[in-house]
Q: 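There's a structure below that I have some questions on.
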Amino acid sequence: MSVRVRFAPSPTGPLHIGGVRTALYNYLFARKMGGKMLLRIEDTDQNRFVPGAEDYIREALAWVGIEIDEGQGPGGPHAPYRQSERRDIYRAEADRLIAEDKAYYAFDTAEELDAMRKRLEEANAPAAQYNAITRMQMKNSLTLPPTDVKARMDAGEPYVIRLKTPRKEEVRLNDLIRGWVTVHSSAIDDKVLLKSDGLPTYHLANVVDDHIMEITHVIRGEEWLPSAPLHVLLYRYLGWESTMPQFAHLPLLLKPEGNGKLSKRDADLGGFPIFPLQWTDPFSGVVARGFREDGYLPEATVNFLALLGWNPGTEQELFTMDELIATFDLERIHKAGARFDIQKATWFNHQYLREQPDAVLAPIVQQQATEVGIDCPTDKALKIAALLKGRVNFARELFGEAKTIFYTPTDYDETIAATKWNADAVNAVTTFRNSLLAFDGEFMADAIKHVLSDAMQQAGIKQGKIMQAMRLALTGSGVGPDLMLTMEIIGKAEVLKRLGQALDTLKLPVA
RNA sequence: GGUCGAUUCGUCUAGCGGUUAGGACACUGCCCUUUCACGGCAGUAACACGGGUUCGAUUCCCGUAUCGAUCACCA
């Protein structure tokens with residue numbers, strides 16, 4: 001039987017980065033096993049629906065390179081893949097459970113439920129829940145005469161369908177990551193399966209859809225582990241236990257520091273993104289930053305996420321998606337939560353950025369130049385990308401590093417000027433400038449280097465002594481990338497101009 | 001509080017009875033370099049605690065502590 005997994009997010013807002021990791025693990029497993037990856041939209045809570053969220057999810061998955069084989073988007077044999085469009089299916093299964101005496105109708109109001117819980121708490125009951133014991137004191141089809149039940153339903157009184165959870169029963173499941181997990185049915189209450197609005201709760205919809213869609217492996221977050229036994233019970237009651245999917249509950253992503261799971265607040269505090277893509281809240285207009293907009297490459301994001309909770313057992317750190325697929329293994333997923341460390345993400349970005357083709361980076365440089373009113377021709381942008389991509393972590397830093405190339409000498413670094421601009425420096429710059437004037441070869445880094453060293457030899461000046469002054473004269477700064485390459489990019493005419501300007505402007509310190 | 005789960009350097013982790021406890025990020029130093037980075041090399045740094053089991057426990061078992069998840073007509 002071929003593997004079928006699904007990613008089933010709720011369109012209640014932007015996809016959390018932890019959700020992206022869950023999707024990634026599903027995807028890696030599907031590809032590794034030669035199976036299918038499905039996308040199902042779990043929009044059964046009409047109160048929390050957020051416009052645009054579904055598109056966001058699909059765009060985010062596409063951005064990181066997760067391809068959906070079947071489901072919302074590409075479609076497939078089990079369409080529709082939006083749960084809100086499948087309500088009749090859940091309804092039918094809920095009715096079946098009722099007919100088989102495995103579920104019942106309940107008419108209790110929110111106030112009555114509150115009162116029941118309060119009463120139980122005050123009585124110090126082990127658990128304040130709607131279960132095999134307490135249900136006999138509530139208003140439902142097990143306690144009310146059938147005629148009364150029918151009358152209430154005919155009158156349009158709101159009701160829910162609850163699972164008739166057994167009183168004493170061990171429910172076991174073999175989690176692929178955690179091993180055998182046993183829960184006593186007394187810890188599971190009579191969960192609502194069908195809400196009064198006619199839509200199913202997660203539990204019912206999830207189990208029904210996973211069965212119908214022939215899901216073989218349910219790979220989801222650890223927050224679902226406590227309700228997994230309930231799902232096993234549901235498969236059993238629905239008569240699907242023999243084809244029940246296998247479960248794998250993933251460890252959570254934790255705060256960078258302190259206690260608790262990673263939240264939006266941590267991202268705001270730490271100044272890093274927590275969503276794959278930028279998201280503008282449709283109601284408040286508040287913008288949340290995204291990995292993509294912050295300059296993280298999708299390859300780096302994937303690599304970073306993949307290693308948060310899983311590793312191949314080797315010392316390899318850098319993985320392409322194909323390599324991840326080849327080495328991925330559910331058994332090597334960790335059990336404990338992983339702290340989210342953005343510094344590692346930055347490092348991965350550096351690793352991938354340096355491998356980016358110059359042609360990809362050049363437009364980014366040009367765009368940033370344009371933003372500050374500088375015209376950067378393509379040939380120049382290509383050279384800048386080549387010169388600087390190994391030095392920075394983000395593409396956006398490229399132009400920041402390159403700014404000395406477009407520098408217009410107005411003010412020079414005072415400290416460098418005061419310490420390095422001396423008689424030798426003036427002599428060196430003058431000599432070099434004259435040599436350059438006489439030079440008629442191609443203005444390339446190697447050639448420039450020769451011109452400079454010849455000139456310094458001729459002037460009897462040790463090159464190392466005046467290099468910083470030379471840099472100061474050319475870029476106004478004491479630091480920066482390779483000066484010969486910088487000059488090549490600046491161009492001969494501009495180099496000559498800047499050297500002349502430096503000689504005119506910079507004053508020798510008063511001796 | 002009940003239930004379930006987890007616990008190796010600051011962080012991500014390797015380890016699955018005998019290891020100088022390995023790697024990566026971060027940090028520090030050195031080298032490279034005209035400078036800053038990059039890169040290279042090196043260094044600091046960990047088995048939560050207490051009992052067992054065993055010739056021997058980081059590794060197996062039981063407690064304790066701590067952390068996490070969950071206990072809705074939300075997913």
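Labels below follow one simple rule: chain letters A, B, ... track the order of the sequence lines, proteins then strands, and each chain is numbered from 1. The structure presented is a predicted model; accordingly, all values stated were derived computationally and were not measured.
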Q: Among C12(B), A26(B), C73(B), which nucleotide sits nearest the side chain of A338(A)?
A: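 From the listed options, C12(B) comes nearest.
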Q: Is any NZ, NE, NH1 or NH2 atom of the basic residue among R40(A) and D210(A) found under 4.0 Å from an Asp or Glu carboxylate oxygen of the other?
A: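 A salt bridge links R40(A) with D210(A).
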Q: Counting heavy atoms from C-beta on, name the nucleotide in G23(B), A37(B), C12(B) closest to the side chain of E317(A).
A: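 Per side-chain heavy atoms of E317(A), the pick is G23(B).
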Q: Just N and O in the side chain of R354(A): are any of them under 4.0 Å from OP1 or OP2 of G39(B)?
A: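 Yes, R354(A) has a side-chain N/O under 4.0 Å of OP1/OP2 on G39(B).
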Q: Which nucleotide, in any strand shown, forms a Watson-Crick or G-U wobble pair with C47(B), with both distances under 3.5 Å?
A: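 Base partner found: none.
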Q: If U19(B) has a Watson-Crick or G-U wobble mate with both distances under 3.5 Å, name it; if not, just say none.
A: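 Checking every strand shown, U19(B) finds no partner, since no pair has both distances under 3.5 Å.
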Q: Considering every strand and a 4.0 Å limit on heavy-atom distances, what is the contact class for V479(A): base, sugar-phosphate, or nothing?
A: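 Base: the residue V479(A), judged by heavy atoms under 4.0 Å, touches a nucleobase.
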Q: Do K261(A) and E223(A) meet the salt-bridge criterion of a basic N to acidic O distance under 4.0 Å?
A: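 K261(A) and E223(A): not salt-bridged.
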Q: Please tell me if N311(A) has a side-chain N or O lying less than 4.0 Å from either OP1 or OP2 of A14(B).
A: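 Yes, N311(A) has a side-chain N/O under 4.0 Å of OP1/OP2 on A14(B).
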Q: Could you say whether V392(A) or G464(A) is positioned toward the 5' end of RNA chain B, judged by the nucleotide with the nearest heavy atom to each?
A: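 Nearest nucleotide further toward 5': that of G464(A).
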Q: Let's see if you can work this out: which of C4(B), C74(B), U35(B) has an atom nearest to the side-chain heavy atoms of D45(A)?
A: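 Per side-chain heavy atoms of D45(A), the pick is C74(B).
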Q: Less than 3.5 Å between a donor and an acceptor, one on the side chain of R339(A) and one on the base of U11(B), is that the case here?
A: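 Side chain to base: no pair below 3.5 Å.
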Q: Measuring to OP1 and OP2 of C74(B), would you say a side-chain N or O of K195(A) lies under 4.0 angstrom away?
A: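 Answer yes for this pair, as a side-chain N or O of K195(A) is under 4.0 Å from OP1 or OP2.
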Q: Students often mix this up, so state it plainly: with edges at 30° and 60°, are the rings of H231(A) and Y202(A) parallel, tilted or perpendicular?
A: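 The arrangement is tilted - the two ring planes meet at 30° to 60°.
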Q: Could you verify whether a donor N or O on one side chain and an acceptor N or O on the other, from E169(A) and H184(A), lie under 3.5 Å apart?
A: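 Looking only at side-chain atoms, H184(A) and E169(A) do not form any donor-acceptor pair under 3.5 Å.
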Q: As a test of reading the structure: which of A75(B), U34(B), C73(B) is closest to the side chain of S10(A), going by heavy atoms?
A: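 Of the options given, the side chain of S10(A) lies nearest A75(B).
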Q: Which nucleotide, if any, forms a Watson-Crick or G-U wobble pair with U7(B), using both distances under 3.5 Å?
A: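 For U7(B), the partner nucleotide comes out as A65(B), under the 3.5 Å rule.
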Q: Checking all strands, does D108(A) fall into the base, sugar-phosphate, or nothing category for heavy-atom contacts under 4.0 angstrom?
A: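 D108(A): base contact, heavy atoms under 4.0 Å.
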Q: Check this for me, if you would: do R86(A) and D88(A) make a salt bridge, where the nitrogen-to-carboxylate-oxygen distance has to be below 4.0 angstrom?
A: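 Here R86(A) does not pair with D88(A) in a salt bridge, since their nearest N and O are not under 4.0 Å apart.
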Q: Looking at R162(A), I'd like to know whether one of its side-chain N or O atoms comes within less than 4.0 Å of OP1 or OP2 on C73(B).
A: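 Checking R162(A) against C73(B): at least one side-chain N or O falls below 4.0 Å of OP1 or OP2.
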Q: Please determine whether a side-chain nitrogen or oxygen atom of T201(A) lies at a distance below 4.0 Å from atom OP1 or OP2 of A72(B).
A: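 Checking T201(A) against A72(B): no side-chain N or O falls below 4.0 Å of OP1 or OP2.
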Q: Under 4.0 Å, heavy atoms only, any strand: does K335(A) hit a base, just the sugar-phosphate, or nothing?
A: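 It contacts sugar-phosphate atoms only.
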Q: Quick one: look up who A14(B) pairs with, Watson-Crick or G-U, both distances under 3.5 Å, and put none if it's unpaired.
A: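 Base partner found: none.
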Q: With the side chain of H350(A) defined as its heavy atoms from C-beta on, choose the nearest nucleotide among C73(B), A75(B), G39(B).
A: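 Of all the options, the side chain of H350(A) is nearest to G39(B).
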Q: If you look at every strand shown and take non-hydrogen atoms under 4.0 Å, does G390(A) touch a base, only sugar-phosphate, or nothing?
A: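 Touches sugar-phosphate only.
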Q: Name the residue closer to the 5' end of RNA chain B, choosing between G313(A) and R178(A) according to the nucleotide with the nearest heavy atom.
A: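 First, find each residue's nearest nucleotide; the 5'-ward one identifies R178(A).
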Q: Give the ring-plane orientation class for Y296(A) versus F291(A), where under 30° counts as parallel, over 60° as perpendicular and anything between as tilted.
A: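 The rings of Y296(A) and F291(A) sit tilted, inter-plane angle from 30° to 60°.
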Q: Among U11(B), C4(B), A24(B), which is the nearest nucleotide to the side chain of W347(A)?
A: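 Looking only at side-chain atoms, W347(A) lies closest to A24(B).
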Q: Report the nucleotide, chosen from U34(B), C73(B), A14(B), that has the shortest atom-to-atom distance to any side-chain atom of S196(A).
A: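 My answer, after comparing the listed nucleotides, is C73(B).
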Q: Answer with yes or no whether K344(A) presents, from its side chain, a donor or acceptor under 3.5 Å of a partner atom in the base of A24(B).
A: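 Side chain to base: pair found, below 3.5 Å.
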